[in-house]
Amino acid sequence: MATTKLGFIVQRPPYKSENPKLALTHAIASQSVEVYLKEGDLVTADIAFIGDGVLNCIKNQKAMDIYKLTSTETHIKMALLLDLNILVCKEDLARFGLTENDIVIDAEEFGAEMKTKVVPFSEITKMMEEVNHLLFF
Amino acid sequence: MATTKLGFIVQRPPYKSENPKLALTHAIASQSVEVYLKEGDLVTADIAFIGDGVLNCIKNQKAMDIYKLTSTETHIKMALLLDLNILVCKEDLARFGLTENDIVIDAEEFGAEMKTKVVPFSEITKMMEEVNHLLFF
Amino acid sequence: MRLAVFVSDYKITVDTLDRLKAEKLGIILVGNGVYHTTIKENGNPSPLLKKSANFYVLSEDLETRGISSSNISGNIKVITYSELVDLIFNDYEKLAWL
Amino acid sequence: MRLAVFVSDYKITVDTLDRLKAEKLGIILVGNGVYHTTIKENGNPSPLLKKSANFYVLSEDLETRGISSSNISGNIKVITYSELVDLIFNDYEKLAWL
Amino acid sequence: MGKLTIGCFSSLVGSMTLDFAVKLCAAAIDKGHKVDFWVSGNGTMLSIKDQRAFKDYSALEKPLKELMAKGLNVTACEACAEARGYHKDNTMEGFKRHSMDWYLASAFDADRVLHIGGE
Amino acid sequence: MGKLTIGCFSSLVGSMTLDFAVKLCAAAIDKGHKVDFWVSGNGTMLSIKDQRAFKDYSALEKPLKELMAKGLNVTACEACAEARGYHKDNTMEGFKRHSMDWYLASAFDADRVLHIGGE
C-alpha cells in the first residue's frame, strides 16, 4: 500500500499549445490508474496554475461554440467533478487584475463538490515540496 | 514576363523549431519553381537573419555528427551555392558580440561564389520594402 | 509600405515589431495575442498598445478565451474573420505573422 | 528538496525559475538553453547565470550549435548525456523542464 | 476578387493556428476569393485522413473537405510529410502533396501571402 | 539501478526535444537503468512507422528500434494519436498505445520522472 503524489504545474496560457489541456486530462487520468497498480496503491494529482497559466481559469470560454473544441474551462470543471485538488496562484491573479469572480471556482452544474482554491504562491511551493514528482506544463 | 520577389526573414534561433531550416529549404526551392510558371516568369527569394535569428549563422555546427541532422550552417551554404542573397543584421551580430569570423560567410568548399552579406538593419528594411511578399520565420 | 502584422502570442520572443518601419502599420491581435487587449499586468496596459499603429482584434478569439468584446477599449477595432478578409485585401499590401 | 531544472530555450517565456525554492538547485542547460553559456547581449552575461545554483551544460548541444566547450566559464560544468544520467539519479530528486 | 496564399508551417499542430488558418480560408472563399493553402513542417499533419473527431482535439477534416468542395486548393509539403511517415495512402482525398516550389509558385500570382511561419 | 520515466508532450515535434529524449533514454539504458518513455500530444508522431530518414529531418525510428531491443518501454497516448490519424496499423512495431493513466502508473514506481511538457 503506497501512494505516489504528482504535482502538475501549469505555467502557460491555454490554446497556443495543447500543454494546459494535456495537464488536465493527464491529471484526471489519476482516477483510473489503479487498473495498472496493486490493490491499495494510489497515484494522486494536484494541479497548480501559476504565472500566465492562471489565464486558463478565466470563465465563459467559448471554444466549443466557435472552434468546436472543449475549452480549458470545461476541463477544469471535469477535474473538480473528479475531486482533484486545484490551486490558483493568488499573486498572479492579482498581477493580472483578475479576481475570483473572473475565474472558474466551482462546477456545481455538474454536481461537483470540489472548488478551485486561490492560494498564495507559498502554498504552491509547499505542494511542490510534498509531492514525489513534478510535471511542469 | 514577370518577377515576384519574396523576402524570407528569420528571427528565431535554430533547432528549437524547424522554422529556420524550413525558411532556407523553401527559399532554395525558388530555384526550381519555373516548372510551375510560364517561360520567363520568376520567383526570387532573399533571406535575412535578424534578432536571435543570427544565431543560425554561427559556424562549426556539429548537428550531423551528433544528431545525424543537416545543420542550419549547411543549409546556409547550400543557399549560397544556389546564389541566393543572404543578409545578416550587423547590429544584431554586434549585440551578441559576434563578428564575421564567427559566422558562415562563404561556401568555397562547395564552389559557391556568393557570400553572406553583413549589413545594417536599414538595408534589410529596404529589402522588405522592395519585395512583393514577406515571410517571417 | 502598408503592412499588417499578426500577433498571436501573449509573451513575444522576437523584437521584430519594434524595428519594422511602414507608412501604414496595422497590428492584428489573434490567438493568444488577444490577451494584450484587456490583461493588465500590475495595472498597466500591454506595452504593445503604445505603438503607433492601427489595432484590430479578432472577436472569435476573444470569446474563445472568455474575454467580452464590450471590455475592449475604443482604439482597438473588434473584427470578425469576414472583416479580417476585407482588411487583408483592401487596407494592407503586405502581411507579417511574427 | 533537491531540484534540477532543465532550461531548453534562449528566450524564456515563463517566470517560474525566479520563484522556485530548493535547498539544492541545479540548472541544466540543454537544447537552445546552451546559448546562455556564451552569448553576451551588449557585453552582459545572461541574467540566468546570476542565480544561486549549480550550473551544467550538455556538451552535445553546445557542439551542435557551433559553441566550443573550451569557451565555457569554470562555474558551468560541461556534461555528456552519460553524466546527465548520473546527475539525475545521484544529485537531484525532483526534475523540472520549464 | 483576389487570390490569397496561406502557408502554415512548423510547431503549430495542437495550437489554434491551423484552426485559425482553416477559418480564414473559409471566410475568404465565402467572399469569392481564390485561396491556396500550403502546409509544411508539423502543419502537414493536417493532411492525414481518418483523424478521429474527439471534442478534446482540433478536428479539421470535415471543414477542410467542405472547403475543398468549394474550391480550396490545399497542398502539403511532400518531404515534410514523408519524414513524418505520412504517405500518399494515408493522405486525405483531395489534399495534394508537392515539393516546396509549389508554395513559391502559388505566391507568384497571389495578391496577398499570409505566411504563418513563427510559433 | 533505478527507473526513469520520461514524458514528452506537445509542441515538440521538429524541435530537438524528441531527439534529446531518445538520446537520454539511450544513455540511461546503457548504464543499466530501466526506462519508460511516454509520448503525448504532438510527441505521438514518434510512434508512426516507415518515417523516411532524410538527413534534413530528425529520423528516430532506427535508434528507437535499437533501444526497444535493449528493453526500452515506449508508449504513445492513444487518444492523442487517434486524433491525429495515427492508427494501430501505422504504428511502429513494439511501440505501445495506451490511455493517459499508463504514464501515471509508470510514475508510480519511478525513481525519477522527467516530464518534458513545455516548449
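In what follows, every chain begins at residue 1, and chains take the letters A, B, ... in the order their sequences are listed.
Contacts with chain D were tallied for Asp92(A), Ile50(A), Thr125(A), Leu135(A); Asp92(A) has the most, counting heavy-atom pairs under 4.5 Å.
Lys94(D) and Asn132(A) make their closest contact through CG-O, 3.7 Å (heavy atoms, listed as atom of the first residue, atom of the second, distance). Residues Gly51(A) and Arg19(D) approach most closely at N-NH1, 3.7 Å, considering heavy atoms.
Within the 4.5 Å cutoff, no side-chain heavy atoms of Lys16(A) are placed close to those of Thr13(D).
Between Phe136(A) and the options Leu95(D), Leu20(D), Val5(D), a side-chain contact (heavy atoms from CB on, under 4.5 Å) holds for only Leu20(D).
For Met78(A), the CE atom sits in a loose shell: 12 or fewer heavy atoms of surrounding residues, nucleotides or ligands are nearer than 6.0 Å. Within a 6.0 Å sphere centred on CD of Glu109(A), other residues, nucleotides and ligands contribute more than 12 heavy atoms. Residue-environment remark: NZ (Lys51(D)) exceeds the threshold of 12 foreign heavy atoms within 6.0 Å. Other residues, nucleotides and ligands contribute more than 12 heavy atoms inside 6.0 Å of the NZ atom of Lys117(A). Atom NZ of Lys5(A) sits in a sparse spot, with 12 or fewer heavy atoms from other residues, nucleotides or ligands closer than 6.0 Å.
For the atom pair NZ (Lys21(D)) and NZ (Lys126(A)), the distance works out to 14.5 Å, reported to the nearest 0.5 Å. With rounding to the nearest 0.5 angstrom, the CG atom of Leu3(D) is 10.0 Å from the CD atom of Glu129(A).
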